[in-house]
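Only one structure is covered here, and it is reproduced in the block below.
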Amino acid sequence: MTPPTPAEKRAARLRESMPQTAKVLVAYWEENFDTLWGSPDVAATLVELGADAAEMFDLSSKYVTFLAGFMGGTPLQPELDRLLAKVAALPAYTIQPDGTVTLDPEV
């Protein structure tokens, strides 16, 4: 058997690392998402975030947009669909002018 050429090695590395990089980005986003939304008292965590909450929500939203931009329509679509489903299942909330975020009352 002939050993792989340098170009073949680089191509194999790219085939492995590019999708893995996207999966790592999703995992980091999901860890942060679950830290808030998987907590036993989301409202208390939002209070602790205070005026930083709006920035966290903005960053999360931009992150999802970024991920959707390069994952959509690729073999990574199932990963994207999973995180979009999590976002779609969020309870209603309001970003206040002072940067705090509050959960909307359930109707």
| Test side-chain contact (heavy atoms from CB on, under 4.5 Å) applied to M18 - qualifying residues, sequence neighbours left out | L14

| task | Apply side chain to side chain donor-acceptor pair (under 3.5 Å) to S39 and list each qualifying residue two or more places apart in sequence or on a separate chain. | result | none

| query | Got a sec, which pairs hit salt bridge (Lys or Arg N to Asp or Glu O under 4.0 Å) with one end in residues 80-104, sequence neighbours left out? | reply | E30-R82, E30-K86, D34-K86, E79-R82

| message | Could you work out, with side-chain contact (heavy atoms from CB on, under 4.5 Å) as the rule, every residue matching A7, not counting sequence neighbours? | response | T5, R10

| task | Sequence neighbours left out, what pairs pass salt bridge (Lys or Arg N to Asp or Glu O under 4.0 Å) with at least one residue falling in residues 49-71? | result | D58-K62

| message | Between L67 and L76, is there a side-chain heavy-atom distance shorter than 4.5 Å? | response | no

| How long is the gap from CD1 on I95 to OG1 on T100, to the nearest 0.5 Å? | 9.5 Å

| task | Could you tell me which residues satisfy side-chain contact (heavy atoms from CB on, under 4.5 Å) with A12, sequence neighbours excluded, listed by chain and number? | result | none

| said: Under the side chain to side chain donor-acceptor pair (under 3.5 Å) definition, can you give me all pairs with a residue in residues 14-23, not counting sequence neighbours? | reply: none

| query | Taking a hydrophobic cluster as the set of Ile, Leu, Val, Met, Phe, Trp and Tyr residues connected by side-chain heavy atoms closer than 4.5 Å, whether directly or through intermediates, do L49 and V47 fall within one such cluster? | reply | no

| request: Check side-chain contact (heavy atoms from CB on, under 4.5 Å) between T102 and all other residues, then give those that pass, not counting sequence neighbours. | output: T94, Q96

| query | Below 4.5 Å, heavy atoms only, C-beta onward: do V64 and L84 meet side chain to side chain? | reply | yes

| query | Counting N and O atoms only, with roles assigned by atom type, does the side chain of Q77 sit under 3.5 Å from a partner on the main chain of G73, one being a donor and the other an acceptor? | reply | yes

| message | When you compare the side chain of L90 with that of F33, does any pair of heavy atoms fall below 4.5 Å? | response | yes

| Looking at CE of M56 and OG1 of T45, how far apart are the two atoms once the value is rounded to the nearest 0.5 Å? | 13.5 Å

| message | Are V87 and W37 linked, directly or through intermediate hydrophobic residues, by side-chain heavy-atom contacts shorter than 4.5 Å (ILVMFWY only)? | response | yes

| All pairs passing ring-ring contact (aromatic ring centres under 6.0 Å, His included) where residues 88-107 contributes a residue, at least two apart | F57-Y93

| field | For F66, ring pair (Phe, Tyr, Trp, His ring centres under 6.0 Å) partners two or more places apart | value | F70

